[in-house]
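Computation of the quantities below employed the complete heavy-atom set of this structure, encompassing side-chain atoms and omitting hydrogens, waters and symmetry-equivalent molecules. What you see is a predicted model, and the numbers here were worked out from it, not measured in a lab.
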Amino acid sequence: MAELFRNAWQLGWLRYTNSGKLTAVLLASLLFLWLSGKWKRQKVLFSYSALMSLFCIVPVTAMVLMLYQTRFYDYEWIWSLVPMTIVCAWAGTALLEETWGGFSLSSWKKGLPVTLLLLAILALCGGLGKNVIDRNDELARRQQASEVVDKVLEDQSGDICLWAPREILEYARAQSGALRLIYGRNMWDQSLNAYAYDTYPREIQELYLWMENVEPTGTALVEDADQGELLLEGEACMTIAAQAGVNCILLPESLDAVTVEALAKALGGRVDRLDAYYLLTR
């Protein structure tokens, strides 16, 4: 329950408003419609929009809505229950109608600045809760991942089942369809599981947590919803990965060389250096 509350507030509302400000436009639109009395033209629409917006903002009711839509959807999806575009367009049209005064030529001095202001607000407040993506940074990460995957394919032959950090697995399949991955993007992007109710086994999920949180000593201290803090051992993870069919592992260079050798021994393979990673194969 505490996790759901945190997701509804810190990881939900705060992330949603940081990425886009259209919710502020929605609330301003509702306020304008209320103060101007224009809400009476569409009482049902106004009442529903105001009430549902309140439910999406208050953490307790937002948590209930998130339970209703199931865990496969993020917080942002509950805002699909709010007719945001309709209400903002309604308020904008009502404001333009009032400032332009019947859209006569004599009212352009008042109506034109308001029109330009509304366009500027819409341009500056976009996002709809989606994170702003740095295209140059994304291209750089994609290029780096492609180069690493190419070198893995050159070094290895036959069937390859790869386990690597997220920044590699995110682009690996786009580079080569011959690669098999121990898990895909739906491991960290839960929205991709919206229409698939199969989940990864607990052991595979722990492999992901270990890879993304591993310390130089080969251990990872992670938070577990059921057990609290959980210490994952590198050797145990290597054994699980081998049992899952993994025969190629990329480890970050932040690990100690002695630790990497011990992990390679636990895997039953050898270790090579590959750019900013250690390559373990068996």
Side-chain angles (χ1 to χ4, degrees), residues 1-103 107-135 138 189-195:
M1 189 64 67
E3 180 187 1
L4 285 173
F5 187 86
R6 183 172 64 91
N7 290 338
W9 179 247
Q10 294 181 347
L11 302 181
W13 168 252
L14 296 180
R15 180 182 64 187
Y16 186 67
T17 52
N18 286 339
S19 299
K21 308 302 180 185
L22 281 180
T23 47
V25 178
L26 171 66
L27 297 178
S29 298
L30 291 171
L31 182 62
F32 168 73
L33 293 171
W34 173 262
L35 295 178
S36 64
K38 298 183 183 299
W39 68 276
K40 298 178 182 179
R41 297 181 181 179
Q42 296 287 341
K43 294 182 179 180
V44 175
L45 175 61
F46 178 86
S47 301
Y48 170 80
S49 302
L51 187 62
M52 196 53 73
S53 298
L54 181 64
F55 284 172
C56 291
I57 294 173
V58 176
V60 176
T61 50
M63 181 176 62
V64 174
L65 293 176
M66 291 174 68
L67 286 173
Y68 170 75
Q69 71 176 2
T70 74
R71 291 175 179 266
F72 291 108
Y73 299 90
D74 293 331
Y75 168 85
E76 288 84 358
W77 285 95
I78 67 175
W79 281 94
S80 61
L81 298 171
V82 183
M84 184 181 299
T85 303
I86 296 175
V87 173
C88 292
W90 175 19
T93 303
L95 180 61
L96 290 175
E97 180 184 13
E98 186 175 298
T99 54
W100 277 98
F103 297 96
S107 60
W108 70 270
K109 291 184 179 180
K110 181 180 180 181
L112 184 60
V114 174
T115 303
L116 295 176
L117 178 61
L118 289 178
L119 292 175
I121 291 174
L122 290 177
L124 295 174
C125 295
L128 291 173
K130 297 180 180 179
N131 294 328
V132 178
I133 299 176
D134 187 336
R135 297 297 180 185
E138 183 185 14
D189 189 352
Q190 294 297 318
S191 62
L192 297 178
N193 287 320
Y195 301 103

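Looking at every heavy atom in both residues, Phe46 comes nearest to Leu30 through CE1-O, 3.3 Å. Of all non-hydrogen atoms in Lys43 and Lys40, the two that sit nearest each other are CG-O, 3.5 Å. Among all heavy-atom pairs drawn from Ser29 and Ala91, the shortest one is CB-CB, 3.4 Å. Between Pro83 and Tyr48, the shortest heavy-atom distance links the atoms CD-CE2, 3.6 Å. Nearest heavy atom pair, residue Ala62 against residue Cys56, reads CB-O, 3.5 Å.
The side-chain heavy atoms of Thr23 and Met84, taken from C-beta on, include a pair separated by under 4.5 Å.
Counting only distance, with no hydrogens or angles, the side chain of Ser47 and the backbone of Val44 share no donor-acceptor pair below 3.5 Å.
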For this session: Carefully, step by step, assess Val64 and Tyr68 under the rule side chain to side chain contact (heavy atoms under 4.5 Å, CB included).
Result: CA-CA 6 Å; Val64 174; Tyr68 170 75; 5.7 Å; no

### Task
Check step by step if side chain to side chain contact (heavy atoms under 4.5 Å, CB included) holds for Val82 and Val87.
CA-CA 9 Å; Val82 183; Val87 173; 5.9 Å; no

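Taking CH2 of Trp77 as the reference point, atom CG of Leu65 lies at 15.0 Å (rounded to 0.5 Å). Going from atom CG of Leu26 over to atom CG of Leu31 covers 11.0 Å, rounded to the nearest 0.5 Å. Rounded to the nearest 0.5 Å, atoms OG (Ser49) and CG (Leu54) are 12.5 Å apart. Between the CD1 atom in Ile78 and the OG1 atom in Thr61 there is a gap of 7.5 Å [rounded to 0.5 Å].
The ring-ring contact (aromatic ring centres under 6.0 Å, His included) test applied to Phe32 returns no partner, not counting sequence neighbours. For the ring-ring contact (aromatic ring centres under 6.0 Å, His included) test, no residue two or more places apart in sequence or in another chain qualifies with Trp90.
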